[in-house]
Amino acid sequence: MTAWLMIGALAVTTALIKAFGPVLVGGRELPPTAVKVIALLPPVLLAALVVTSTLSEGQRLHVDASAAGVAVAGVMIWRRLPLLVVVLTAVVVTAGVRALT
Amino acid sequence: MDASFRRGLRAGVPFSLVGFLLSMSFGVLAVQAGFSALQAIVMSAVVHAGSAQFAATAILGAGGGLVPSVLAGSLMNARFLAMGIAVAPSLRGGPGRRALQGQTVVDPSWALANQGDGSFDRQLMMGATVPQYAGWVSGTVAGAFLGDVAGDPDRFGLDVVFPVFFLALLAAELRDPRSRGVALAGALIALALVPFTPPGVPVLAAGTAALVGLAR
């Protein structure tokens with residue numbers, strides 16, 4: 001029962017969070033300074049997601065096999081290899097390093 | 001059908017395949033954490049937000065209780081506040097319609113739709129979310145039924161899918177050299193906050209690095 005309540009509540013908070021900006025800001029043109037800040041949000045938020053999902057576990061910082069997988073993926077993405085190839089290689093590298101260590 | 005929407009559909013396909021792998025590991029972990037297959041699948045269908053689902057199921061599965069699990073999941077989603085404000089001027093229609101269009105904001109679609117000048121291609125964003133939603137739900141179905149036979153998905157290296165997914169999106173942003181410094185600053189702010197704040201907060205707080213845009 002608790003699981004269903006959690007699923008329902010999380011669905012509602014997620015929908016509200018996603019609706020917040022579109023409803024509040026509406027169709028207003030944002031001031032040019034705000035637009036400059038917004039243009040920088042994608043690289044900033046994505047970089048933060050990459051490092052936290054690779055190097056943290058809850059509130060703990062840690063380096064494990066997945067860091068090796070991400071590093072190999074970084075080189076492959078830089079060489080512009082297709083995403084699916086990159087992801088599958090990273091998975092194999094991570095599993096390999098984990099099996100050996 | 002709008003040409004941008006069609007381009008979005010196509011652009012979303014590689015991300016939907018990666019999303020399939022990601023949600024498969026979610027399905028496996030959710031069942032192992034004590035959720036039924038149906039619960040895992042419904043959760044993916046109505047929440048459709050990877051990091052929030054992983055966080056909330058892990059906490060509830062570990063006996064952390066209803067409120068902490070919902071809070072942790074919501075915090076992981078806090079970045080959608082910033083993303084929603086960013087796309088808002090590019091959406092059309094009244095508040096209800098905008099709220100609905102806002103539901104299609106998922107990380108890859110949002111990043112793909114970004115036109116680099118602060119505006120977003122809303123048709124492309126909505127189109128890109130369609131295959132990703134299908135991939136997300138079907139991956140969960142696969143994972144939920146693999147469930148207990150699969151063992152620990154980390155053993156298969158599946159935990160690396162999530163960061164690589166975001167790294168691919170980030171790489172596209174970094175082709176603009178002006179983005180590199182702020183991206184690095186955002187990464188450092190996030191890492192510095194990890195030990196001191198609940199998960200989810202570091203990513204939202206990293207957004208403050210974008211304030212250097214005020215000085216440009």
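Just so we're clear, the structure is a prediction, and the values are computed from it rather than from any experiment. Heavy-atom basis, side chains included; hydrogens, waters and symmetry copies ignored.
- For a residue to count as touching a neighbouring chain, one of its non-hydrogen atoms must lie under 4.5 Å from one of that chain's; by this rule B:R79 touches chain A with backbone and side chain alike.
- Between A:W4 and B:L38, some side-chain heavy-atom pair lies under the 4.5 Å cut-off.
- Within the model, atoms CG of A:L45 and CG of B:L204 stand 8.0 Å from one another, a figure rounded to the nearest 0.5 Å.
- Here the straight-line distance linking atom CG of A:L88 with atom CG of B:L21 works out to 6.5 Å at 0.5 Å rounding.
- Put simply, of A:V35, A:V23, A:L41, the one with the most heavy-atom pairs under 4.5 Å next to chain B is A:L41.
- Side-chain atoms of B:F166 and A:V70, non-hydrogen and from C-beta on, never get closer than 4.5 Å to each other.
- Contacts of B:R92 with chain A are absent, with no heavy-atom separation under 4.5 Å from either backbone or side chain.
- Under 4.0 Å is where a charged nitrogen must lie from a carboxylate oxygen, and between B:D152 and A:R98 no such pair does.
- Taken to the nearest 0.5 Å, the OG1 atom of A:T13 stands 8.5 Å off from the CG atom of B:L71.
- Taking every heavy atom of both residues into account, A:A73 and B:V164 meet most closely at CB-CG2, 3.6 Å.
- In terms of heavy atoms, B:G186 sits closest to A:V44 at CA-CG1, 4.0 Å.
- Proximity to chain A involves both the backbone and the side chain of B:T57, based on heavy atoms less than 4.5 angstrom apart.
- Put simply, CG on B:L167 and OG1 on A:T54 are 7.5 Å apart, with the number rounded to the nearest 0.5 Å.
- Taking chain A as the reference chain and counting heavy-atom pairs below 4.5 Å, the highest number among B:A82, B:A168, B:G118 is found for B:G118.
- A:L49 CG to B:S51 OG: the interatomic distance, rounded to the nearest 0.5 Å, is 6.5 Å.
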Criterion side-chain contact (heavy atoms from CB on, under 4.5 Å) on B:F162 and A:V50, from CA distance to verdict: CA-CA 8 Å; B:F162 191 81; A:V50 171; over 6 Å; no
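- Between A:A3 and B:F35, the shortest heavy-atom contact is CB-CE2, 3.7 Å.
- Summarising the geometry of B:Q103 relative to A:A15, their closest heavy-atom pair is NE2-O, 3.0 Å, with the distance given to 0.1 Å.
- Note on B:V67, B:V47, B:V46: by heavy-atom pairs under 4.5 Å with chain A, the leading option is B:V47.
- Proximity to chain B is limited to the side chain of A:L55, based on heavy atoms less than 4.5 angstrom apart.
- A 4.5 Å side-chain heavy-atom check between B:S74 and A:L10 finds at least one atom pair inside the cut-off.
- Side-chain atoms of A:I7 and B:Q39, non-hydrogen and from C-beta on, do get closer than 4.5 Å to each other.
- For B:L91, the part sitting under 4.5 Å from any heavy atom of chain A is the side chain, from C-beta outward, and nothing else.
- The candidate from B:F196, B:F120, B:F15 with the greatest count of non-hydrogen atom pairs under 4.5 Å with chain A is B:F15.
- The minimum heavy-atom distance between B:G84 and A:P22, with the atom names listed, is O-CD, 3.7 Å.
- For B:N77, the parts lying under 4.5 angstrom from a heavy atom of chain A are both the backbone and the side chain.
- Counting heavy-atom pairs under 4.5 Å between each of B:V160, B:T208, B:V87, B:L174 and chain A puts B:V160 at the top.
- Between A:K36 and B:L214, every side-chain heavy-atom pair lies at or beyond the 4.5 Å cut-off.
- Put simply, NE2 on B:H48 and NZ on A:K18 are 6.5 Å apart, with the number rounded to the nearest 0.5 Å.
- Counting heavy atoms from C-beta on, the side chains of B:P14 and A:L84 never come closer than 4.5 Å.
- Only the side chain of B:A111 comes within contact range of chain A, judged by heavy atoms closer than 4.5 Å.
- Per-residue heavy-atom pair counts under 4.5 Å with chain A were compared for B:T197, B:L158, B:T104, B:L100, and the maximum is reached by B:T197.
- You'll find the side chain of B:F165 stays beyond 4.5 Å of the side chain of A:V87, heavy atoms only.
- Using a 4.5 Å cut-off between heavy atoms, A:L24 makes no contact with chain B at all.
- Chosen from B:A183, B:A171, B:S90, B:A58, the residue pairing most often with chain A at heavy-atom distances under 4.5 Å is B:A183.
- With a 4.5 angstrom heavy-atom cutoff, B:D176 does not touch chain A via any of its atoms.
- The two atoms that bring B:A187 and A:V51 nearest to each other are O-CG2, 3.6 Å, heavy atoms only.
- Within the 4.5 Å cutoff, the side chain of B:P195 has no heavy atoms near those of the A:Q59 side chain.
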